[in-house]
Amino acid sequence: MSKRCRFILYSIIGIGVLCLILLLTGFVYYTGLIIPYIGLQGKKELTMEVNTKFIDPGIRACYKFHNFSDKVIKSTNLDTNKIGTYYIKYTLSNVNKEVKRTVNIVDTKEPKIVLDGNKTSRIFLNNKYEEEGFSAIDNYDGNVTNKVEIINNVNINKIGKYKIQYNVKDSSGNSCTVERKVEVCEDPTNVKLYYNYNQYDNHPEEWWFEKSKNHKRTNGAIKEDILKKYHAYYQGENKKVLYLTFDEGGNDITYIKQIANILDKYQIKATFFLTRNYIKNEADFINKLVANGHIIGNHTWHHYDMTTLANEISVDQFTKEITETEKTYMEVVGQPMTKVFRFPKGGASERAIKMVSDLGYSTFFWSHAYYDYANDVTKDEALRSMLNYYHPGAIYLLHPSNKGNYEAMEDFIQEMIKKGYHFDTVNHIQ
């Protein structure tokens, strides 16, 4: 064997012997075969968030193959609720051996700012902006609301979209920023109609229609081509679509919320023509309707016969009936109202329809309704009427005060879906 080969062989043997010695040494040391052993489980230095629970990774202590971990005494100044550096000492007292672990309690979590009200709000031109409120909590400092800095660049004298910025920093330097969007918009009640309508007929005409025969499209009190000049409709396109509309002025007895639940169950969107006071008094429900995709239509403030106000003397009151309702909707919902309108009791005239159109609204009558004002109409009567007179593009006028309408609604929806119809809101009619 050459010297080179012998050198390689002896080197391998030497390395093997060294590894064996190290292995045996480690075995002797970590098993406490000759001298007691105590050692940390896990890392020697730990870092954790303040106000969180500390879970000790533990230690291991042994001597001559016997586990003495339960004999270890632990002492510490650790306070997980206070930022700082702490130590945990583990002592195997009978042999006077100990090890230490370092625990760093830190705060790296940013505070949290919660805005009261809506993250997007709307105010009217030249009106005062009222802060809706906010709060700020930090996981270590607690309530830091008084440390919040506000940057407000809202110009109430100029229409536009603005942001209010809320900033807060905790004692550890962690910061948080949130924004509230504010839109300054035109006040609907500032809109005026300059009266020039005497050339339009103001003869009051309570809306009527011919009941559909064999589910064919029908005729109304005013021809469609005339109505369209003023963006007014009583039926939609000649397609398999129905428009459910509900008029509500704030009756003592109403099933409007139960009806809405059924519509939501089938993901059907409807149009609710509501008076101003109902919108104001039922703000939570109105927001729920809007959130679920329903359309809220303008049904005036006081539910007056609008033809009696369609004159030069009462033109401002005519306008106010509509614009005050629109403004209340914007205050409640925080977004512009879809400009769809229905005359109270269907009482209208060419002049009144023209004036509504000049206010930017489309008017919607109906091609099916029945005497459902009484609250004693049965489910069978309601369902029979709904099913007997449907037709492509039909606009249904229904009153939620009628329990029969509520009880028949689910059966009606199921039946019309079977017939291949779908439902839509009137703002999609053109």
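Side chains are part of it too, since the values below use all heavy atoms of this structure and drop only hydrogens, waters and symmetry mates.
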Tell me if the [atom1] atom of [X] is crowded by more than 12 foreign heavy atoms within 6.0 Å.
| X | atom1 | value |
| --- | --- | --- |
| Asn214 | CG | no |
| Gln199 | CD | yes |
| Lys211 | NZ | yes |
| Gln267 | CD | no |
| Asp284 | CG | no |
| Gln258 | CD | yes |
| Lys339 | NZ | yes |

Under the ring-ring contact (aromatic ring centres under 6.0 Å, His included) test against Phe412, which residue among Tyr406, Tyr396, Tyr390 passes? Tyr396
Please name all residues satisfying salt bridge (Lys or Arg N to Asp or Glu O under 4.0 Å) with Glu45, sequence neighbours left out, ordered by chain then number. none
Not counting sequence neighbours, which residues clear salt bridge (Lys or Arg N to Asp or Glu O under 4.0 Å) with Lys109? List them please. none
For a side chain to side chain donor-acceptor pair (under 3.5 Å) with His294, tell me which candidate from Asp264, Thr425, Thr271 qualifies. Asp264
Taking only Lys NZ, Arg NE, NH1 and NH2, and the carboxylate oxygens of Asp or Glu, determine whether [X] and [Y] approach each other closer than 4.0 Å.
| X | Y | result |
| --- | --- | --- |
| Asp138 | Lys147 | no |
| Lys354 | Asp358 | yes |
| Asp187 | Lys327 | yes |
| Lys379 | Asp411 | yes |

Within the distance-only criterion (no hydrogens, no angle test), does the side chain of [X] pair as donor or acceptor with the backbone N or O of [Y] below 3.5 angstrom?
| X | Y | value |
| --- | --- | --- |
| Thr328 | Glu324 | yes |
| Asn202 | Thr307 | yes |
| His203 | Ser349 | no |
| Arg180 | Asn118 | yes |

To the nearest 0.5 Å, atom CG of Asp424 lies from atom CD1 of Ile429 at 8.0 Å
Rounded distance (nearest 0.5 Å) linking atom OH of Tyr370 with atom OH of Tyr389: 12.0 Å
Over all heavy atoms of both residues, which pair between [X] and [Y] is shortest? Give the atoms and the distance, please.
| X | Y | value |
| --- | --- | --- |
| His391 | Lys216 | CB-O, 3.4 Å |
| Glu132 | Asp116 | O-CB, 3.2 Å |
| Asn311 | Arg351 | CA-NH1, 4.3 Å |

Close aromatic pair by centroid cut-off 6.0 Å: Trp207 and Tyr234: yes
Aromatic centroids of Tyr195 and Tyr197 separated by under 6.0 Å: yes
Taking salt bridge (charged side-chain N to carboxylate O under 4.0 Å, His left out) as the criterion, tell me which of Lys161, Arg122, Lys158 meets it with Glu183. Arg122
